[in-house]
Amino acid sequence: MARGLFRRYGYTEVRTPIFEEAELFVRSTGETSDIVRKEMFFFRDKGGRELALRPEGTAGVVRAYVEHGMYKLAQPVKMWYFGPMFRHERQQKGRYRQHTQIGAEVLGSDDPLVDVEVIALLYAIHRSAGVREEVIHLNNLGDAETRRRYIPELRAFLERHRSELDPDSVARIGTNPLRTFDSKDPNTQAVLREAPLIGEYLSEEAAAYLSAVREGLEALGIPHTLDERLVRGLDYYTSTVFEAKSPLLGAQDTVGAGGRYNRLVEELGGPDVPGIGFGTGVERILLAARGWEPETSLDAFFVTLSPEARLPALRLAEALRAEGFACELDYAGRSPKGQFRQADRLGASYAVVLGEEELSGGFCTVRDMRSGEERRVPVSEGPKELLRALAR
RNA sequence: GUGGCCGUAGCUCAGUUGGCAGAGCAUCGGAUUGUGGCUCCGAAGGUCGCGGGUUCGAAUCCCGUCGGUCACCCCA
């Protein structure tokens, strides 16, 4: 499903290792991030190398980009991936120690329309998987100049209200004041309603970039909202950030999220190349997509009344399956009555009965499970007659 | 990493002051020698999460441990 979408958007699949040097994730995600501090599955191999199960997908893709010199290709390079991610943490609804992410990364362009495309792709994946009522929350964390002006203001504000904040938020004043916006503490939230917002401090370039992205989303009719309190827990984000939220999810309401990381390639040893990407959780998509049941329909259930009938029944079932019909047989040694019950339970359209009479007469009895009507269908020449009977 | 709740039959759960391990649903069979749904009758199914301890006796009390779940932190 997602594979087809990626093809249409021009992304090629990459497969990166499930575990890598721990240092890669520390450098990319940030030493102070919780992912690194407490959520990595960490281990040493026999040579003493420090490895970690990947907690997210971007770092591996960027490493591959640098390592394989993909910056020498025509830019941008558009890639996608699919696979398991690991976080060592207590689980709850919508959060697991191992989960599956679908992700995309675009490296080598800082065109705002790339941002729009990436968000549109995320939205399309969710739509086609059945996620409804989804809204894209959008923000811009600004460039270096923006932050140079904004962070001191925010920090000063938080200091003035230090006594009203929860302990976690107080601790962040020094390390990462932006993250105080993530607090769910009601008192902290109340204080932050008065806090200076980054929008007023955006540099001219950053502000223009943000409105270009918004115009693009507008043009595509993607429901979105500017959320100036949206910050992200990974340190590598710059400029555009976004989260796709669904009200159907509970405490973990983000289905997929991502943003720009214009400094990351260089930090991982490559040239100064901008990038953007998203990751989206398959398990959360399934939670947010309301039950679209596969509706298994069964065309025929074979009822065998004697052991001698089992092989002929199996042969007929195989022939019908080859023609595209869904067929089942009894493998539980049920009584005839039990086999009809099972046929009913499975929602079979027809029961095909094979017993002594049928075997010696060269026919089978086809029962319409809805009406109860029964007909004898000759099978001595093979399954052709039976096929016709079922296709009716 | 922090806190709450929960681990008993396939599923949902009862289980009294410690005294033979239960119900409903589901499964299988019978009532109907080869015919489903409804009804009735019956059968099968359990290391009571695991390991210690207390006791004549533990699903029940104590300690430990593992797992699940929800929330916090954080994140997909």
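Every value quoted in this text rests on a predicted model; they were computed, and no experiment measured them. All values below were derived from every heavy atom in this structure, side-chain atoms included, with hydrogens, water molecules and symmetry-related copies excluded.
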Handout entry: Nucleotide B:G29, atom P - distance to NZ of A:Lys337 in whole Å
Key = 9 Å
Completion exercise
Picking from B:C28, B:G36, B:C72, the nucleotide nearest the side-chain atoms of A:Arg345 would be B:C28
Fill in the blank from the handout: Pairing partner of B:G42, by Watson-Crick or G-U wobble and under 3.5 Å for both distances, is B:C28
Exercise for the section: Scan side-chain atoms only and decide if A:Tyr236 and A:Glu56 contain a donor-acceptor pair under the 3.5 Å cut-off. Expected result: yes
Exercise for the section: Report the base-pairing partner of B:U2 (Watson-Crick or G-U wobble, both distances below 3.5 angstrom), or none. Expected result: B:A71
Practice task
Measure the distance from CG on A:Asp368 to C1' on B:G36 and round it to the nearest whole Å.
Solution key: 12 Å
Completion exercise
Considering only heavy side-chain atoms of A:Arg90, the closest of B:G34, B:A76, B:U2 is B:U2
Problem - Note, A:Ser246 side chain near A:Asp253 side chain (heavy atom, < 4.5 Å) - result: no
Problem - Gap in Å between the two P atoms, one belonging to B:U32 and one to B:A21, rounded - result: 38 Å
Problem - Pairwise C1' distance for B:G49 and B:U39, with rounding to whole Å - result: 39 Å
Practice task
Between B:C11 and B:G19, how far apart are the C1' atoms? Round to whole Å, please.
Solution key: 30 Å
Exercise for the section: Would you please confirm or rule out a distance under 4.0 Å between OP1 or OP2 of B:C73 and any side-chain N or O of A:Arg87? Expected result: no
Handout entry: Candidate list A:Glu105, A:Glu13, A:Glu117, test salt bridge (Lys or Arg N to Asp or Glu O under 4.0 Å), partner A:Lys78, passing option
Key = A:Glu117
Handout entry: Pairing partner (Watson-Crick or G-U wobble, both distances under 3.5 angstrom) of B:C13
Key = B:G22
Handout entry: P gap between B:C48 and B:C70, integer Å
Key = 27 Å
Fill in the blank from the handout: note: A:Asp182, atom CG; B:A71, atom P; distance rounded to Å ~ 17 Å
Practice task
Pick base, sugar-phosphate or nothing for A:Gly372, based on heavy-atom distances below 4.0 Å to the nucleic acid.
Solution key: base
Handout entry: Sugar-phosphate only, base, or nothing, as touched by A:Val255 at under 4.0 Å among non-hydrogen atoms
Key = sugar-phosphate
Practice task
Return the nearest nucleotide to the side chain of A:Asp344; candidates are B:A71, B:G37, B:A76.
Solution key: B:G37
Exercise for the section: Between B:G7 and B:C28, how far apart are the P atoms? Round to whole Å, please. Expected result: 29 Å
Exercise for the section: Round to the nearest Å and state the distance from A:Phe41 atom CZ to B:G1 atom P. Expected result: 11 Å
Practice task
State which of B:C70, B:G34, B:G36 makes the closest approach to the side chain of A:Lys93.
Solution key: B:C70
Practice task
Looking only at side-chain atoms of A:Arg341, point me to the closest of B:U35, B:G34, B:G36.
Solution key: B:G36
Practice task
Tell me what A:Glu356 touches on the nucleic acid: a base, only sugar-phosphate, or nothing, going by heavy atoms under 4.0 Å.
Solution key: base
Exercise for the section: Starting at atom CZ of A:Arg95, determine the distance to atom P of B:U69, rounded to an integer number of angstrom. Expected result: 12 Å
Exercise for the section: Please determine, for the side chain of A:Arg367, which listed nucleotide (B:G36, B:G34, B:G68) has the closest atom? Expected result: B:G36
Exercise for the section: Could you give the distance separating B:G22 and B:C66 at their P atoms, to the nearest angstrom? Expected result: 33 Å
Problem - Whole-Å P distance, B:C20 and B:C25 - result: 25 Å
Practice task
Would you mind telling me which of B:G68, B:A76, B:G36 lies closest to the side-chain atoms of A:Tyr96?
Solution key: B:A76
Practice task
State whether A:Thr100 places a side-chain N or O below 4.0 Å from either non-bridging phosphate oxygen (OP1 or OP2) of B:A76.
Solution key: no
Practice task
Tell me the partner of B:C61, counting only Watson-Crick (N1-N3 plus N6-O4 or O6-N4) or G-U wobble (N1-O2 and O6-N3) with both under 3.5 Å; none if nothing fits.
Solution key: B:G53
Exercise for the section: Check whether the ring centres of A:Phe19 and A:Phe43 lie less than 6.0 Å apart, and answer yes or no. Expected result: yes
Problem - Flag, side chain of A:Asp299 to backbone of A:Ala326, donor-acceptor distance under 3.5 Å - result: yes
Exercise for the section: May I ask you to test the A:Glu266-A:Val273 pair for a side-chain heavy-atom distance under 4.5 Å? Expected result: no
Exercise for the section: Have a look at A:Glu89 and say if it touches a base, only the backbone sugar-phosphate, or nothing, with a 4.0 Å heavy-atom cut-off. Expected result: base
Exercise for the section: Would you mind reading off the distance between A:Met369 atom CE and B:G37 atom P, rounded to a whole angstrom? Expected result: 9 Å
Exercise for the section: Give one of base, sugar-phosphate or nothing for A:Glu56, where a contact means two heavy atoms less than 4.0 Å apart. Expected result: nothing
Handout entry: salt_bridge(A:Arg179, A:Asp182) N-O dist < 4.0 Å
Key = yes
Problem - Check ion pair A:Arg63-A:Glu20 (N to O, under 4.0 angstrom) - result: yes
Exercise for the section: Give A:Glu243 one of three labels, base, sugar-phosphate or nothing, depending on what nucleic acid heavy atoms sit under 4.0 Å from its own. Expected result: nothing
Handout entry: A:Gln101 side chain, from C-beta outward: closest of B:G34, B:A71, B:A76
Key = B:A76
Completion exercise
The nucleotide from B:A76, B:C28, B:G30 with an atom nearest the side chain of A:Ala257 is B:A76
Exercise for the section: Kindly point out which of B:C73, B:G37, B:G68 is positioned nearest to the side chain of A:Gln92? Expected result: B:C73
Exercise for the section: Using whole Å, report how far CG of A:Asp330 lies from C1' of B:U35. Expected result: 14 Å
